[in-house]
> 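Below are the structure tokens for one structure; questions will follow.
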Number of protein chains: 2
Amino acid sequence: MTIKIIIADDHQLFIDGIKSILSKSFDIDIIAEANNGLEVLKLLKHGILPDIILTDIRMPIMDGISLTKTVSKDYSKLKVLALSMFDQTIDVIEMLEAGAKGYVTKNIDKSELHLAIHTVMKGHYFFSKNLPKDIQDWFHKENLIPNDQLLTKRETEILELIVKGRTSLQMAKHLKLSKYTIDTHRKNIHKKLGIKSNTGLVNYALKNL
Amino acid sequence: MTIKIIIADDHQLFIDGIKSILSKSFDIDIIAEANNGLEVLKLLKHGILPDIILTDIRMPIMDGISLTKTVSKDYSKLKVLALSMFDQTIDVIEMLEAGAKGYVTKNIDKSELHLAIHTVMKGHYFFSKNLPKDIQDWFHKENLIPNDQLLTKRETEILELIVKGRTSLQMAKHLKLSKYTIDTHRKNIHKKLGIKSNTGLVNYALKNL
DNA sequence: ATTTATATACCTAACATTAGGTATATGAAA
DNA sequence: TTTCATATACCTAATGTTAGGTATATAAAT
């Protein structure tokens, strides 16, 4: 059984490179290509349905994140494998939140790309091993533990106060605890969610709570 | 024409104080009182409809913010005037966002309370003059100037990066500008929106952009 | 032609967060 | 009963934000 793939990237040169790498595989078939997300959606609407969409994140007209969100909603059987120049945590997390099943950087080699495709095809997640460590942390915490049991009462309470813009010192006074305690809770929240910054926590909370 | 008022506060003593102040006015009629937001909603459901709800922010069972949100949605003709011990910016902004038409602190005097009630009754906003200055800033910017003209291109760009969790230094490198420039833009954003903290900006951006 | 808005850059002090620890007490689960 | 989860508290160094300024250049508006 061959794996059907659509490639989406705004750099034609890169599409060609991927094609030449994958064309040598008996079990992988590139059934179409596109230069932005909208073109992929058009292909899907015309009944050109792949097993995996291999897509760049940043593209004109419609980017990979929007594409992935739409695909996850309307074609939930299709798997999206993100492919990007960038390995910044925020990009990876956004793609995963949009519903991507894996994330590889553009400097991966031939064998790793094959592995990624086959792994995702089997229903597992795949990540380039050169992605920052905190992504793996985030992924494990975020996906293997049910969200509502993730944070303790106290941690949720503190997260809510962080979202409201309270500082550690204000929270300490309000809850009649030491500032050190608040900061310990913060660190535990960071660890559990795999999110290190205050702004990231607000993002998380407004989307998930 | 008398102005009908419901007072909501979990401190009975305070309700009594307000009542004794307002009972001397010919044109103000306290038609009911409540000790939390839920009690107010029950009164409304039973057809006891005031012109103005004078409510505390922090109350057990249902707080003033939740009450105001429900009233704004289901009884949009009623005006909510917030009454609080606290004059923290975040409280005021939350009440205003919930739909309150004014905000007075509990240390106002008799004549100011009258003025507040009459001003709100006429359809204007009212704020205690002892509220922090940045609230007036926030209010003016937020309500009198159309949102889409408020921030310049550059400022919007930087706000978006802040939401994504980028630091000043990261943004400086990415945009090939000095960190000082980024910080200047930040300060201008703070001034224009009347929001001073990073977390507040993320809140604002996710709700308004 | 002068003012205003935008964008840029610099400086410093105060405050806040983040990351790296360690440590103790309590109650619930294995 | 020992381990695990939760909640508490302390310490320090590095990094980042916020608030107070000043200052320059350019383009648009009055």
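Only this structure's heavy atoms are used, side chains among them; waters, hydrogens and symmetry mates stay out.
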> Collect all protein-nucleotide pairs involving nucleotides 18-25 of chain C in which both atoms are nitrogen or oxygen and the distance is under 3.5 Å.
residue	atom	partner	partner atom	Å
C:dT18	OP1	A:Lys196	O	3.4
C:dT18	OP1	A:Asn198	N	2.6
C:dG20	O6	A:Lys187	NZ	2.0
C:dG21	O6	A:Lys187	NZ	3.3

> OP1, OP2 of D:dT15 versus side-chain N and O of B:Thr167: anything below 4.0 Å?
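B:Thr167 to D:dT15 OP1/OP2: no side-chain N or O under 4.0 Å.
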> Name all residues meeting the side-chain hydrogen bond (donor to acceptor under 3.5 Å, both in side chains) criterion together with B:Ser178; count only those two or more places apart in sequence or in a different chain, and write none if there are none.
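With neighbours one apart ignored, the set is empty.
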> I'd like a list of close polar pairs between nucleotides 26-30 of chain D and the protein, N/O only, cut-off under 3.5 Å.
none

> Does the side chain of A:Thr181 get closer than 4.0 angstrom to OP1 or OP2 of D:dA9 through an N or O atom?
yes
> Report the distance from atom NE2 of A:His185 to atom P of D:dA9, rounded to the nearest whole Å.
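Checked: the NE2 to P distance equals 8 Å.
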> For A:Leu177, does its backbone N or O pair with a side-chain atom of A:Thr181 as donor and acceptor, under 3.5 Å?
no
> What is the separation between atom CD1 on A:Ile158 and atom C1' on C:dT17, rounded to the nearest whole Å?
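Atom-to-atom, A:Ile158 to C:dT17, this comes out as 14 Å.
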> Counting distance only, does the side-chain N/O of B:Asn35 pair as donor-acceptor with the main-chain N or O of B:Asp9 below 3.5 Å?
yes
> Using the side chain to side chain contact (heavy atoms under 4.5 Å, CB included) criterion, which residues pair with A:Lys187? Sequence neighbours excluded.
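A:Lys187: no side chain to side chain contact (heavy atoms under 4.5 Å, CB included) contacts found.
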> If the condition is side chain to side chain contact (heavy atoms under 4.5 Å, CB included), which residues does B:Thr184 pass it with, not counting sequence neighbours?
B:Asn188
> Could I get the full list of side-chain hydrogen bond (donor to acceptor under 3.5 Å, both in side chains) partners for B:Asp63, not counting sequence neighbours?
B:Ser66
> Using C1' atoms of five pairs at each end, report the bend of the helix from C:dA1-D:dT30 to C:dA30-D:dT1 rounded to 10 degrees.
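Rounded to the nearest 10 degrees, the bend comes out at 40°.
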> Measure CD1/B:Ile182 against P/C:dA7 and give the value in whole Å, please.
12 Å
> Going by side chain to side chain contact (heavy atoms under 4.5 Å, CB included), name the residues that satisfy it together with B:Ile61, two or more places apart in sequence or in a different chain.
B:Asn36, B:Leu38
> Could I get the full list of side-chain hydrogen bond (donor to acceptor under 3.5 Å, both in side chains) partners for A:Thr199, not counting sequence neighbours?
A:Ser197
> A:Lys191 NZ to D:dT6 C1': how many Å, rounded?
14 Å
> Could you tell me the separation between the CD1 atom of B:Ile189 and the C1' atom of C:dA5, rounded to a whole number of Å?
15 Å
> Excluding sequence neighbours, so at least two apart, what forms salt bridge (charged side-chain N to carboxylate O under 4.0 Å, His left out) with B:Asp183?
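Partners of B:Asp183 by the salt bridge (charged side-chain N to carboxylate O under 4.0 Å, His left out) criterion, ordered by chain and then number, come out as B:Lys179.
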> What pairs with B:Ala8 under side chain to side chain contact (heavy atoms under 4.5 Å, CB included), at least two apart in sequence or on another chain?
B:Ala34, B:Val40, B:Thr55, B:Met59
> Answer yes or no: does a side-chain N or O of A:Tyr180 lie under 4.0 Å from OP1 or OP2 of D:dC11?
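For D:dC11, OP1/OP2 do have a side-chain N/O of A:Tyr180 under 4.0 Å.
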> List for me each residue that meets side-chain hydrogen bond (donor to acceptor under 3.5 Å, both in side chains) alongside A:Glu157, sequence neighbours excluded, and say none if there are none.
A:Arg154
> In whole angstroms, how far is the P atom of C:dT17 from the CE atom of A:Met171?
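Between P of C:dT17 and CE of A:Met171: 6 Å.
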